[in-house]
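For reference, the structure discussed in these notes is given below.
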Amino acid sequence: MSTKEDLKKLADYIFPNAKDWKEFVEKYPKRNLKEGAEVTRFAPSPTGFIHIGGLYTAIITEKIANETDGVFILRIEDTDQKREVKDGIEGIINSLNDFDIHPDEGAVCIKDGEIVEKGNYGTYIQSKRKDIYQAFAKKLLEEGLAYPCFMTEEEMNEVRTLQAANKEPIGIYGRWAKYRNIEPDEAIKLMEEGLEPVIRLKSPGQMDKKIVHNDLIKGKVEFPENILDIVIIKKDGLPTYHFAHAIDDHFMDVTMITRSDEWLPSVPLHLQLFDVLGFERLKYAHIAPLLKLDNGNRRKLSKRKDPESAASYYKEEGIPVNAVKEYLYNIINPSFEMWRKENENIPLSEFEIDITKMNVSGALFDMTKLLNVSKDIVARLNKDEVYNYTLNWAKEYDLELINLLNDNKEYSQEIINIERENG
């Protein structure tokens, strides 16, 4: 049986330069916000373009914060650096800016090639928060709630093969966790011999127990407890997504997590992490995906198959930002369409969304309807607004059209103004 002294010796050996976790408790105090204010975050990874589903989530996330006089955060989750693409963070910031989505805190712009952040709870870029993750990994090691694991990829593949053959849950847990109860001195000896471990959570979950979760969109859902000893710190010293998100959401004082429902199965693990770390559990709202009809069947919009899945597609096609946002609002709450008819000239920001009334299984993304919304919005613009919008679009996407518009400004405006009341 390992003593506290043994565990501390092991934690000090693995993280000799880690800060005291209590420093972060003092550094990131609770926010002083009015009752009911929600702190939300949009937390994409810079691994490619912003998906229209990500934009959909960002709109909902910002709206909830704005409606409650809360705070909307943009956090960059870049701990999987092998998958990061060049200028990925800049692409995220620019895409949100293109759609008039403006974080209150986080990575807000690029200036002279550098990421500019604002807010008192940063940095908001996970790869720069290594010290806080290691401080809490060290804390868990000292408490016997985590352990170093030296399993090779070959050993883990062998375990998965046996588990599949036995129809058992796949992963490292229980009797399959070879190093779960390793003595600290033995672990130190292996590291002195040159072996590099990952750090795993020592899950307190039990195979036959379940948890009940009340999701703000999905309602009451039931899951088995998490039993997996997941990796929390990788060999490169960076955290896994699961570990980082729990720590960041706690210390950024997030109150509500809005994210794609592909993460719904992770709820047992994430709630367990909050518990193990001694943090208060948060509210979750899992958003159903945007779907597309394909040969009579519904499927998720695909980054690989569907050009309209990229948020940048709509700007390239010249579809007004407000058209995309208004169409997405209609998916969020179908009551928006009637509200817009009754409030034709009221700013979009005046509509209040209700996430409890969102579709729980996924909404069909209809390009024809989106284009009709776009036509309605363009019809409400006067000739100068349409001309200037077209000119600005052409500057980026159609240089030949720029010359035609500039050389024939009055004629272009006359054509635009045909049957337009606000000429």
Side-chain angles (χ1 to χ4, degrees), residues 4 7-33 37-43 45 65 70-81 103-108 115-148 198-204 230-257 269-284:
K4 287 184 178 180
L7 293 172
K8 187 176 187 312
K9 179 182 176 183
L10 175 62
D12 286 340
Y13 187 90
I14 295 176
F15 298 114
N17 301 314
K19 295 181 179 179
D20 187 331
W21 62 271
K22 297 185 185 70
E23 290 184 27
F24 299 102
V25 176
E26 296 177 4
K27 182 178 180 180
Y28 301 113
K30 284 286 185 181
R31 297 174 185 269
N32 185 22
L33 299 174
E38 301 288 2
V39 180
T40 64
R41 49 73 164 173
F42 180 56
S45 298
V71 179
F72 171 54
I73 299 168
L74 172 61
R75 186 170 74 222
I76 304 298
E77 301 197 336
D78 62 340
T79 58
D80 188 356
Q81 298 194 321
D104 301 304
E105 294 180 9
V108 293
I115 301 166
V116 177
E117 301 182 64
K118 69 174 181 179
N120 297 324
Y121 291 79
T123 173
Y124 298 87
I125 300 172
Q126 284 189 334
S127 61
K128 297 180 180 180
R129 295 170 63 86
K130 192 173 180 178
D131 56 348
I132 187 171
Y133 308 131
Q134 293 192 351
F136 277 87
K138 184 175 183 179
K139 178 178 183 286
L140 294 183
L141 283 168
E142 291 174 345
E143 294 171 349
L145 299 173
Y147 64 93
V198 296
I199 307 302
R200 289 187 181 274
L201 174 74
K202 189 177 285 188
S203 172
I230 63 144
V231 175
I232 57 174
I233 300 290
K234 298 175 288 186
K235 289 184 180 182
D236 62 5
L238 288 172
T240 56
Y241 162 78
H242 303 292
F243 192 55
H245 115 281
I247 290 172
D248 289 342
D249 285 333
H250 175 77
F251 283 105
M252 291 178 186
D253 208 14
V254 171
T255 61
M256 183 191 297
I257 298 172
L269 167 59
H270 293 169
L271 294 180
Q272 185 181 86
L273 280 167
F274 284 122
D275 293 345
V276 169
L277 288 162
F279 299 160
E280 182 180 348
R281 292 183 175 188
L282 306 184
K283 293 175 285 189
Y284 284 90

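Heavy atoms only: backbone and side chains are in, while hydrogens, waters and symmetry mates are out. Note that the structure is a prediction, hence the values are computed from the model and not measured.
- Residue H270 holds its NE2 atom at 13.0 Å from CG of D275, rounded to the nearest 0.5 Å.
- Across all non-hydrogen atoms, the minimal contact from Q272 to P204 is CD-CD, 3.6 Å.
- By the 4.5 Å heavy-atom criterion applied to side chains, R200 and I230 are not counted as neighbours.
- Using a cutoff of 4.0 Å between basic side-chain nitrogens and carboxylate oxygens, D12 and K138 are scored as salt-bridged.
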- Please test E23 against K27 for salt bridge (Lys or Arg N to Asp or Glu O under 4.0 Å), starting from the C-alpha separation and ending with a verdict. CA-CA 6 Å; E23 290 184 27; K27 182 178 180 180; over 6 Å; no
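- Here K19 contributes atom NZ and Q134 contributes atom CD; the two are 11.0 Å apart, rounded to the nearest 0.5 Å.
- Two residues are said to be in side-chain contact when any heavy atoms from C-beta on lie closer than 4.5 Å; M256 and L282 fail this criterion.
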- Message: Between H242 and I232, does the side chain to side chain contact (heavy atoms under 4.5 Å, CB included) criterion hold? Intermediate values first, please.
- Response: CA-CA 7 Å; H242 303 292; I232 57 174; over 6 Å; no
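- Note that CG of D80 is 9.0 Å distant from CG of D236, once rounded to the nearest 0.5 Å.
- Within the 4.5 Å cutoff, the side chain of D78 has heavy atoms near those of the I125 side chain.
- Salt bridge absent: E26 and K22 never bring a charged side-chain N and a carboxylate O closer than 4.0 Å.
- Among F24, F274, F136, W21, the one residue that satisfies the side-chain contact (heavy atoms from CB on, under 4.5 Å) test with I247 is F136.
- Across all non-hydrogen atoms, the minimal contact from S45 to E77 is OG-O, 2.9 Å.
- Distance alone, capped at 3.5 Å, places no donor-acceptor pair between the E117 side chain and the G122 backbone.
- P148 places none of its side-chain heavy atoms less than 4.5 Å from the side chain of Y13.
- For L201 against V276, the heavy-atom pair with the smallest separation is CD1-CG1, 4.0 Å.
- When side chains are defined from C-beta on, L277 counts as touching F243, because their heavy atoms get closer than 4.5 Å.
- Minimum interatomic distance between V254 and I73 (heavy atoms only, all atoms of both residues): CG2-CD1, 4.3 Å.
- Contact check for R41 versus M252: no side-chain heavy atoms found under the 4.5 Å cut-off.
- Open room surrounds NZ on K8; 12 or fewer heavy atoms of other groups in view lie less than 6.0 Å from it.
- Contact detail for I76 and A107: the closest heavy-atom pair is CG1-CB, 4.1 Å.
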- Derivation and outcome, side chain to side chain contact (heavy atoms under 4.5 Å, CB included), residues D249 and I257: CA-CA 8 Å; D249 285 333; I257 298 172; 3.3 Å; yes
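- Crowding of K9 atom NZ: a count of heavy atoms from other residues, nucleotides or ligands under 6.0 Å not exceeding 12.
- Taking the ring axis of Y28 as reference, the NZ or CZ atom of R129 stays within 45° of it and closer than 6.0 Å to the ring centre.
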- Could you check Y124 against L74 for side chain to side chain contact (heavy atoms under 4.5 Å, CB included), going step by step and ending with a plain yes or no? CA-CA 7 Å; Y124 298 87; L74 172 61; over 6 Å; no
- side chain to side chain contact (heavy atoms under 4.5 Å, CB included) between I199 and F15, intermediate numbers included: CA-CA 11 Å; I199 307 302; F15 298 114; 4.1 Å; yes
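- Atom CG in L273 sits 8.5 Å away from atom CG in L140 (nearest 0.5 Å).
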- Yes or no on salt bridge (Lys or Arg N to Asp or Glu O under 4.0 Å) for E105 and R31, after CA distance, side-chain angles and deciding distance? CA-CA 13 Å; E105 294 180 9; R31 297 174 185 269; 2.7 Å; yes
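- Other residues, nucleotides and ligands contribute over 12 non-hydrogen atoms within 6.0 Å of the NZ atom of K283.
- Between L238 and T79 the shortest heavy-atom distance is CD1-O, 3.8 Å.
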- Task: Evaluate the criterion side-chain hydrogen bond (donor to acceptor under 3.5 Å, both in side chains) for residue pair E38 and T255; output intermediate values, then yes/no.
- Result: CA-CA 6 Å; E38 301 288 2; T255 61; 2.6 Å; yes
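- Less than 6.0 angstrom separates the ring centroid of F279 from the ring centroid of F251.
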- Task: Give the intermediate values and the outcome of side-chain hydrogen bond (donor to acceptor under 3.5 Å, both in side chains) for residues Y133 and D248.
- Result: CA-CA 9 Å; Y133 308 131; D248 289 342; 2.7 Å; yes
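- How far NE2 of H250 is from CZ of R281: 15.0 Å, rounded to the nearest 0.5 Å.
- Distance alone, capped at 3.5 Å, places no donor-acceptor pair between the D104 side chain and the V71 backbone.
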